[in-house]
Structures are given as structure tokens and as C-alpha cells.
Novice: 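Input: one structure, supplied below.
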Amino acid sequence: MARWLAAPALSADGSRVAYQMMPRDDWEIFVADPNGNNERQVTHEIQHDLQPRFIGPDRLLAVMGEPRHRRSYLYDLAATGSDQGLTLLWPFSRTRLFHNNTVRTIAPEYQWAVSPDGTKILIGAERDGNTVSPERGVYLVDLQKKITRTDLIA
């Protein structure tokens, strides 16, 4: 059986490779050793999971959805579980990095740039929820800072 692989990304230390693969009807994200051993599926979504990038030894950035509705997620590969002797990556930590649920539940994202140390991500996105408007902004997400809901609203 042929398997479609795309968008390989090597971790900085060379110990893992992440890639998107289409095992059935949609793209999912997988990680494995560079020789192909220890393959593990990271995502299990009905939507396409695409463009994985390591931003640390145990953190993976990927996007989900079709181009006009893409959202970025951060996956914690260190958080693993087990089920009947099988090592699984779920439940694992998945964090949605950027969203605006106040207007049409979307804030389409178009570009991402990760800082060399993996602590910040620059995102080019819309904030108005209108996929046909040309207005876009550039937003910096600091992965080392947590803010409260109150601070965010302010």
C-alpha cells in the first residue's frame, strides 16, 4: 500500500522527523526516528493537519484546516499516554495559538515565522473574520508568557 508523505521537518538535534501523511482521506501529522522507526501519529482530526515544524525538542507547531480557515496549534510531544502496551501521543497537550471567536469564529492565518530559539511566533493573519477582506495584521505570540483572561480583555 502506497503512503503519501509530505512536508518533512527535522528536529534541531536530528533525533526526530515530523511529517504529514495521508493514511486515509486527510493529512495527519506523524513523528518518527530519522530511520523511520518508532513512528507515532500526533493528530487525529477530520480536517487536514499540515506543515509540521519543530520549535523545540518536544514541541511541534502545525496548522489545521483548509487555506482560508487555517489555525496554528502547538503540540507537546513529551506528554504521552499508554493504552494496552501501546505508546500513544494522545491525550497530549495541544494549544491553539491564535484565534478570534468574536466574529464568525475564525481568524484566518497565512504566514508563520518562528524565532530561532522557539520562544516566539510571528503570525500574519486577519482579525475581522472576513475571508475576502484584504486587511491583515502581524501578531507576535510569546510562548513563554501567560496572561490572564482579564488582561487579554483589557
Novice: List the residues meeting side-chain contact (heavy atoms from CB on, under 4.5 Å) with Q47, not counting sequence neighbours, and say none if there are none.
Specialist: M64, R71
Novice: Can you name the salt bridge (charged side-chain N to carboxylate O under 4.0 Å, His left out) partners of D33, sequence neighbours left out?
Specialist: none
Novice: Can you name the nearest heavy-atom pair linking L10 to F54, along with the distance?
Specialist: C-CD1, 3.8 Å
Novice: What I want to find out is whether D151 reaches K146 closely enough, with some N-O distance under 4.0 Å, to be called a salt bridge.
Specialist: no
Novice: Quick one: are I123 and S72 in side-chain contact, heavy atoms under 4.5 Å?
Specialist: yes
Novice: Measure the shortest side-chain to side-chain distance between R16 and D58 over non-hydrogen atoms and say whether it is less than 4.5 angstrom.
Specialist: yes
Novice: So P52 and F30, do their side chains get closer than 4.5 Å, heavy atoms only?
Specialist: no
Novice: Are any non-hydrogen side-chain atoms of R96 and L74 less than 4.5 angstrom apart?
Specialist: no
Novice: With no hydrogens and no angle check, do the side chains of E28 and Y19 hold a donor and an acceptor under 3.5 Å apart?
Specialist: no
Novice: For the OH atom of Y73 and the CG atom of L61, what is their distance to the nearest 0.5 Å?
Specialist: 12.0 Å
Novice: Could you work out, with side-chain contact (heavy atoms from CB on, under 4.5 Å) as the rule, every residue matching L122, not counting sequence neighbours?
Specialist: A113, V138, L140
Novice: Verify the cluster assignment for W112 and I55: are they in a single hydrophobic cluster under the rule of side-chain heavy atoms below 4.5 Å apart?
Specialist: yes
Novice: Hey, does V42 have a side-chain heavy atom less than 4.5 Å from the side chain of Y75?
Specialist: yes
Novice: Can you hop from L60 to M21 via hydrophobic side chains spaced under 4.5 Å?
Specialist: no
Novice: Answer whether the closest heavy-atom distance between the side chains of K120 and K145 falls below 4.5 Å.
Specialist: no
Novice: Is the number of heavy atoms from other residues, nucleotides or ligands within 6.0 Å of CG (D13) greater than 12?
Specialist: yes
